[in-house]
Protein chains: 2
Amino acid sequence: MTEETSEPAPFICGLDATLRIVSGKWKPLILFFLGKGPKRYGELKRDVRGVSDKMLIQHLKELEAHGVIVRTDYHEIPPRVDYMLSPFGQSLVEAMVPMCRWGENNTEAIASALKAQMKGDAR
Amino acid sequence: MTEETSEPAPFICGLDATLRIVSGKWKPLILFFLGKGPKRYGELKRDVRGVSDKMLIQHLKELEAHGVIVRTDYHEIPPRVDYMLSPFGQSLVEAMVPMCRWGENNTEAIASALKAQMKGDAR
DNA sequence: CAGCATCCAAGAAGATACTG
DNA sequence: CAGTATCTTCTTGGATGCTG
């Protein structure tokens with residue numbers, strides 16, 4: 001019985017491997033904000049402006065399953081849960097820092113690049 | 001005439017800005033391979049294993065529209081076209097290098113993290 | 001070779017309402 | 001507060017076939 005029930009598809013390079021972890025509309029942002037320290041659910045939701053409960057929870061669960069973040073439930077009432085980076089996640093966030101900085105340093109260029117596209121492309 | 005035809009939604013941070021440029025299933029990989037030098041269409045397609053013409057062209061057009069890459073058509077027959085990074089794109093790729101390295105250095109950890117998830121989650 | 005057009009499937013994401 | 005559940009919508013992406 002060859003248990004090749006859908007191969008995970010091999011990585012084509014290191015970047016590809018990294019992307020398997022951070023793919024998801026909000027994952028990079030979640031990691032970015034957790035990089036600033038442990039956060040409670042509600043706090044995180046406020047930081048990642050625009051995310052819905054559904055997506056936030058879903059991504060959080062995946063990141064936890066991948067060993068990138070750690071969830072702590074204090075079993076209190078009212079509920080208190082917080083999320084923090086694991087050492088693995090921490091190293092990932094560090095690898096993302098240059099991309100954050102690039103965005104910070106090129107905000108205006110990016111904004112106008114995105115606008116330029118809109119003009120010729122009205123989808 | 002108030003020309004606010006659908007606001008682009010403001011960036012919530014630098015990373016968010018960066019993501020607007022590199023979001024797309026294959027974009028980071030395209031940039032990564034172009035980081036190794038100019039490439040012809042077919043060459044790129046071979047590098048980015050698994051991508052379809054449709055997606056490759058679509059992403060290439062967007063990246064070009066955003067000023068990240070430069071397309072050169074030699075107007076020859078048979079057709080010859082190549083793609084290369086613009087200086088802007090070059091700086092972006094440099095910012096991505098740490099993520100590539102992270103993936104290279106953690107390939108096995110990532111692979112098992114992805115497997116671990118599959119077991120408890122058979123969706 | 002490089003690329004476009006069309007159709008279609010899958011999945012990601014959003015809105016809304018509800019719970020311990 | 002921190003989620004869950006369900007439904008619907010929208011975007012993404014893949015397969016295929018055609019063209020200069």
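All chains are named by letter (A, B, ...) in the order of the sequence lines, taking the proteins before the strands, and each is independently numbered beginning at 1. Computed over heavy atoms, backbone and side chain alike; hydrogens, waters and symmetry mates excluded.
- To the nearest 0.5 Å, atoms CD1 (B:Ile110) and NE2 (A:His66) are separated by 10.5 Å.
- One atom, CD1 of B:Ile77, and another, C1' of C:dG3, lie 14 Å apart when rounded to the nearest Å.
- At D:dG13, one or more side-chain N or O atoms of B:His59 fall inside 4.0 Å of OP1 or OP2 (strictly under the cut-off).
- Of all the residues in residues 33-48 of chain B, B:Arg40, B:Tyr41, B:Gly42 reach under 4.0 Å from DNA chain C with at least one non-hydrogen atom.
- Per the geometry, NE2 belonging to A:His75 stands 14 Å off P belonging to D:dA2, to the nearest Å.
- One interatomic measurement links the two molecules: CD of B:Gln58 to P of D:dG13, which rounds to 7 Å at whole-angstrom precision.
- Put simply, the side chain of B:Lys61 never gets that close to the backbone of B:Ile57: no donor and acceptor are under 3.5 Å apart.
- Residue B:Leu60 holds its CG atom at 6.0 Å from CG of B:Leu44, rounded to the nearest 0.5 Å.
- Scanning for side-chain hydrogen bond (donor to acceptor under 3.5 Å, both in side chains) contacts around B:Asp53 gives B:Tyr41, B:Lys45, with sequence neighbours left out.
- Atom CG in A:Leu56 sits about 16 Å away from atom C1' in C:dA15, given to the nearest Å.
- Atom CZ of A:Arg71 has more than 12 neighbouring heavy atoms from other residues, nucleotides or ligands inside a 6.0 Å radius.
- Rounded to whole angstrom, the span from the CZ atom of A:Arg71 across to the P atom of D:dA2 amounts to 10 Å.
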**Contact pattern, 5' to 3', of nucleotides 14-20 of chain D - B, S or - by protein heavy atom under 4.0 Å** = BB----B
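- Atom CD of A:Glu76 has more than 12 heavy atoms from other residues, nucleotides or ligands within 6.0 Å.
- If you take CZ on A:Phe32 and CG on A:Leu85, they are separated by 12.0 Å, rounding to the nearest 0.5 Å.
- The phosphate of D:dA2 (OP1 or OP2) has no side-chain N or O of A:Lys61 nearer than 4.0 angstrom.
- Between the CZ atom of A:Arg80 and the P atom of D:dC1 there is a distance of 13 Å, given to the nearest Å.
- Looking only at distances, no side-chain donor or acceptor of A:Thr72 sits under 3.5 Å from a matching main-chain atom of A:Val81.
- In this structure, the CD1 atom of A:Ile57 is 14 Å from the C1' atom of C:dT19, given to the nearest Å.
- The residue A:Tyr74 sits apart from the nucleic acid: no heavy atom pair falls under 4.0 Å.
- Atom OH in B:Tyr83 sits about 8 Å away from atom C1' in C:dA2, given to the nearest Å.
- A:Leu31 is not connected to B:Val97 by any chain of hydrophobic side-chain contacts under 4.5 Å among Ile, Leu, Val, Met, Phe, Trp and Tyr, and they are in different clusters.
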